[in-house]
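Encoded as structure tokens, the structure appears first; notes follow it.
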2 protein chains.
Amino acid sequence: MTARGAQAIRLGFSSRSGAQMRTLNAALALFAEHGVGATSYQMIADASGVTKGAIYHQFKTKDEIIIAVAEMELAKLDDALEAAEAEDDSDVARELLLNRIVDHAVEHRQGANTFQFDPVLVRLLSGHAPFQRFVERLYGMLVGDDEGPDKLVRLAALTCVVGGTVAHPLVAEVDDETLRTQMLNVVRQLVGLPQPTTRAGRAARSRTPRTASA
Amino acid sequence: MTARGAQAIRLGFSSRSGAQMRTLNAALALFAEHGVGATSYQMIADASGVTKGAIYHQFKTKDEIIIAVAEMELAKLDDALEAAEAEDDSDVARELLLNRIVDHAVEHRQGANTFQFDPVLVRLLSGHAPFQRFVERLYGMLVGDDEGPDKLVRLAALTCVVGGTVAHPLVAEVDDETLRTQMLNVVRQLVGLPQPTTRAGRAARSRTPRTASA
DNA sequence: GTCTATATGAAGATAGAC
DNA sequence: GTCTATCTTCATATAGAC
């Protein structure tokens with residue numbers, strides 16, 4: 001496996017200055033709270049503690065900010081995807097990938113929701129080739145070749161559960177570790193993966209950064 | 001069971017004029033397509049074929065339109081909820097309710113998504129008492145008394161699957177009947193309901209408007 | 001990298017004629 | 001119920017000084 005830096009190339013991820021990172025993180029939080037369509041340039045500037053003029057120096061348009069935020073978040077899953085693609089056993093690969101994805105979603109909660117369901121974000125990304133390629137790799141790992149309607153529906157349901165459940169008011173009081181465990185049970189059931197007492201499950205989990213480095 | 005009209009009182013649903021209904025349907029379609037935050041009063045007026053002034057005569061603020069759209073959609077599920085609450089057998093009740101909810105979601109696709117995940121809509125409704133009462137009744141029917149973390153997570157996942165899957169790009173090409181069937185399989189599995197060959201399943205489905213009147 | 005100042009348009013909203 | 005006209009505020013975006 002190549003060094004971590006490879007993710008940048010594969011996703012078309014540009015390196016960002018410190019000021020740009022502050023902007024993107026402020027934007028991410030606002031997008032999650034209000035939705036992309038209801039977040040203004042002014043709000044982002046205020047949250048970053050600088051003026052609009054400063055932000056416009058970093059990103060020429062609002063769309064550029066949206067795309068950059070999406071790329072920043074997606075890049076965090078690129079590692080996991082590469083690791084999964086390098087696995088021989090497809091069950092091990094899927095278990096590993098699901099663990100990382102659920103970890104990421106639980107860590108971000110509201111942000112995961114935005115990314116999956118915000119109409120403005122989704123529309124912008126649907127015209128963004130690097131994003132499309134990434135999603136196709138992701139889906140490929142999760143369903144494989146069989147693309148019958150039942151598989152498609154289960155895969156769609158899986159992405160909804162991962163992106164939506166973490167931000168749901170019903171689980172607001174559930175602590176991260178419990179949420180992680182229960183969500184993994186649900187998504188394993190959804191895609192027909194055996195539960196974690198099996199050999200494949202233990203093998204995959206032992207490869208996550210949570211217990212050991214990739 | 002009371003007459004159909006009862007739904008209006010229970011949800012706080014006001015009766016609307018023809019012009020108001022045209023406005024609400026136009027707004028619903030735009031909310032689904034662009035998100036609530038990215039839909040302007042002007043867009044709604046254009047889609048309705050009238051001017052902003054005419055719309056302001058029907059609804060004093062944009063928030064009023066949003067609430068009215070939500071009430072209109074929710075009222076469509078009120079019937080199903082009442083029917084489920086009148087059932088003795090909780091498995092039959094849940095099977096019936098899930099059938100109706102999935103029917104409704106598949107029928108609307110993009111609209112169901114908005115309703116579940118749009119940040120502006122969700123925030124507005126969270127301060128709207130009739131909506132809160134309705135959702136609590138709905139959740140009560142689906143989980144019952146046991147409110148452990150696993151049940152909460154599964155219920156949250158259920159609502160995400162119902163609201164999100166129907167609008168997912170992956171299932172855009174799946175026809176309504178297939179989507180309905182597959183989604184029901186998924187949601188039954190999520191809440192631990194037996195699959196449809198059982199007595200409870202047949203009994204519940206025989207009570208839906210699809211095969212017989214309630 | 002950050003600021004101020006400014007241009008241009010669209011947002012939500014109101015008043016009042018038809 | 002619908003229209004035009006108008007108000008104010010805020011949106012995206014640019015120019016140019018520090």
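Sequence lines set the chain letters: A, B, ... in the order given, protein chains first and strands last, and positions in each chain run from 1. Remember, it's a predicted structure, so these values are computed and weren't measured experimentally.
Using a 4.5 Å cut-off on side-chain heavy atoms (C-beta onward), B:Gln182 and B:Val171 make no contact.
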A:Met183 and A:Val166: CA distance, side-chain angles, deciding distance, side-chain contact (heavy atoms from CB on, under 4.5 Å) verdict: CA-CA 9 Å; A:Met183 274 185 60; A:Val166 289; 3.4 Å; yes
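In this view, B:Val191 and B:Arg94, B:Leu98, B:Leu158, B:Leu193 satisfy the side-chain contact (heavy atoms from CB on, under 4.5 Å) rule, not counting sequence neighbours. In terms of the side-chain contact (heavy atoms from CB on, under 4.5 Å) criterion, residue partners of A:Leu81 (sequence neighbours excluded) are, by chain and number, A:Glu85, A:Leu97, A:Phe134, A:Arg137, A:Leu138, A:Met141. For A:Gln189, the side-chain hydrogen bond (donor to acceptor under 3.5 Å, both in side chains) partners are B:Arg154, not counting sequence neighbours.
Scanning DNA chain D 5' to 3' for nucleotides with an atom closer than 4.0 angstrom to a non-hydrogen atom of chain A gives a first and last hit of D:dA11 to D:dT14.
With hydrogens and angles disregarded, a donor-acceptor distance shorter than 3.5 Å links the side chain of B:Gln132 to the backbone of B:Ser126. Side chain of A:Asn113 to main chain of A:Ala167: no donor-acceptor pair is present (N/O by atom type, distance under 3.5 Å, no hydrogens or angles).
B:Glu73 and B:Lys76 are joined by a salt bridge, as a carboxylate oxygen and a charged side-chain nitrogen come within less than 4.0 angstrom of each other.
In plain terms, the two heavy atoms of A:His108 and A:Ala112 that are nearest each other are CB-N, 4.3 Å.
Within residues 55-62 of chain A, the residues approaching DNA chain C are A:His57, A:Gln58, by heavy-atom distance under 4.0 Å. Only A:Thr39, A:Ser40, A:Tyr41, A:Gln42, A:Lys52, listed by number, bring a heavy atom of residues 25-54 of chain A to less than 4.0 angstrom from any atom of DNA chain D.
One finds the CD1 atom of B:Ile66 at 8.0 Å from the OG1 atom of B:Thr61 (value rounded to the nearest 0.5 Å).
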